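Have a look at the structure below, then the notes.
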Number of protein chains: 2
Amino acid sequence: MGPKLSISVDPKGDSTPSEQLASQVRFAIASGVLAPGERLPSVRQLAVDALVNPNTVGKVWRELEREGVLETRPGDGVFVASGALSRCRAARDLELSERLRVWLADARRAGLSSDQVTELFERLARARSVTQRTGGQR
Amino acid sequence: MGPKLSISVDPKGDSTPSEQLASQVRFAIASGVLAPGERLPSVRQLAVDALVNPNTVGKVWRELEREGVLETRPGDGVFVASGALSRCRAARDLELSERLRVWLADARRAGLSSDQVTELFERLARARSVTQRTGGQR
DNA sequence: GGAGCTGTCCTATCGTGCTAGGACGGCGCC
DNA sequence: GGCGCCGTCCTAGCACGATAGGACAGCTCC
């Protein structure tokens, strides 16, 4: 079933390729797709797969190491750090909360009532839980 | 009570100043803060208030005119077009739906269950409807 | 007519982030 | 030892958007 980690980057997406990469790795760890101790794709390999520059991947690997999420073994590769799971869950909760908070603020500024907001949410949440995967990853 | 339209731009925000500007104007119209026929701040005035370049404001004014949201009267100023309300409501619903859709997709990719998603939403929605205005506009 | 405002247009510059391509030292395996 | 892969580093270049500053024509009011 292909690679354990499937990462795709949209160069014209809302956020920068680096951020998309970092976020996807954190999410993969938080969801258990990537377990501590596991090895990540090499900088050059992922660069080919995700159609980004090796420098970009390397930069993200280094950034995530600073966060304590990844662990680099010189000459070998990068691996998921042991304490990564809790860190990534925390980061995930923080990021998702903040994004939802911003969305709610915008929705209210745009004139939607609490009821309209709730209704919209329930409609989309329900649609998603039924359809399962609809594509469109960020 | 100050200017009718209060617009603030965060140069380091998630989206570009142009997009923030355009979105805020559309939202203001959709919510009724800005009514059809009303006049918008001048390019130079808003540039000062929102701390952006006059060129940036002018670019947005022109873009919104192409959308049929604004109407420019040469030598006079720009005004909210007559059909702007419905257009902006449609644009608002589309934008908010799409953003929420992306958020839901990311939340699921990050390993949150439907219940966790719902719980998170209800917690934040409730907090906001109580606190009223918490600032942080995008 | 003249002053003061309006939006528009033009060229140049700057900042940021990704891209391109090459070079280095470290480690595993034969 | 030698080969291949690993992450890292360095210098250039490009793309995009915002910025800076000036110049123009149109409208309004005195």
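Please read all numbers here as calculations on a predicted model, not as lab measurements. Chain letters run A, B, ... following the sequence lines, proteins first and then strands; every chain starts at 1.
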Would you indicate which nucleotide in [options] comes nearest to any side-chain atom of [X]?
X: A:R62; options: D:dG7, D:dA18, D:dC9; answer: D:dC9
X: A:W61; options: D:dC6, C:dG7, D:dT8; answer: D:dT8
X: B:E65; options: C:dT8, D:dG17, D:dT8; answer: C:dT8
X: B:N53; options: D:dT19, C:dG26, D:dT8; answer: D:dT19
X: A:P74; options: C:dG26, D:dT8, C:dG7; answer: C:dG26

Is any side-chain nitrogen or oxygen of [X] closer than 4.0 Å to OP1 or OP2 of [N]?
X: B:S18; N: D:dA18; value: yes
X: A:T56; N: C:dT19; value: yes
X: B:S42; N: C:dT6; value: yes
X: A:K12; N: D:dA15; value: no

Going from CG on B:L94 to CZ on B:R101, what distance comes out if it is rounded to the nearest 0.5 angstrom?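 These two atoms lie 8.5 Å from each other.
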Length of the line joining [X]:[atom1] and [N]:[atom2], which is rounded to integer Å:
X: A:Q45; N: D:dG7; atom1: CD; atom2: P; answer: 11 Å
X: A:R39; N: C:dC27; atom1: CZ; atom2: C1'; answer: 11 Å
X: B:D10; N: D:dA18; atom1: CG; atom2: P; answer: 13 Å
X: B:L46; N: C:dC5; atom1: CG; atom2: C1'; answer: 16 Å
X: B:E71; N: C:dT8; atom1: CD; atom2: P; answer: 13 Å
X: B:L70; N: C:dT6; atom1: CG; atom2: P; answer: 16 Å
X: A:L40; N: D:dG7; atom1: CG; atom2: P; answer: 9 Å
X: A:E19; N: C:dG17; atom1: CD; atom2: C1'; answer: 10 Å

Would you mind telling me which residue lines up with the more 5' stretch of DNA chain C, A:R73 or A:V52, judged by nearest nucleotide?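 Closest to the 5' end, via its nearest nucleotide, is A:V52.
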Could you check A:K59 against A:G75 and say which one's nearest nucleotide on DNA chain C is further toward the 5' end?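 Counting from the 5' end, the first nearest nucleotide belongs to A:K59.
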Can you name the closest pair of heavy atoms from B:S18 and B:K59 and give their distance?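 Smallest interatomic distance, heavy atoms only, reads OG-NZ, 3.5 Å.
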Is there a donor on the side chain of A:N55 or the base of C:dG21 sitting less than 3.5 Å from an acceptor on the other?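 Such a pair is found, so the answer is yes.
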Indicate, yes or no, whether a donor-acceptor pair under 3.5 Å links the base of C:dG7 to the side chain of B:R44.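 When only heavy-atom distances are counted, B:R44 does reach the base of C:dG7 through a donor-acceptor pair under 3.5 Å.
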Hey, which of these two, A:V78 or B:P17, hits DNA chain D nearer its 5' end, going by closest nucleotide?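 First, find each residue's nearest nucleotide; the 5'-ward one identifies A:V78.
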B:T56 side chain vs B:V52 backbone, donor-acceptor pair below 3.5 Å: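 The answer is no, because no donor-acceptor pair under 3.5 Å joins these two groups.
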Within the side chain of A:E71, is there an N or O that forms a donor-acceptor pair under 3.5 Å with the backbone of A:E65?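 No.
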Please determine if B:R73 forms a cation-pi arrangement with B:F79, meaning its NZ or CZ atom is less than 6.0 Å from the six-membered ring centre and no more than 45° off the ring axis.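 Satisfied, under 6.0 Å and within 45°.
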If you measure only the distance, is there a donor-acceptor pair under 3.5 Å linking the side chains of B:R92 and B:S23?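 Distance-only check fails for B:R92 and B:S23.
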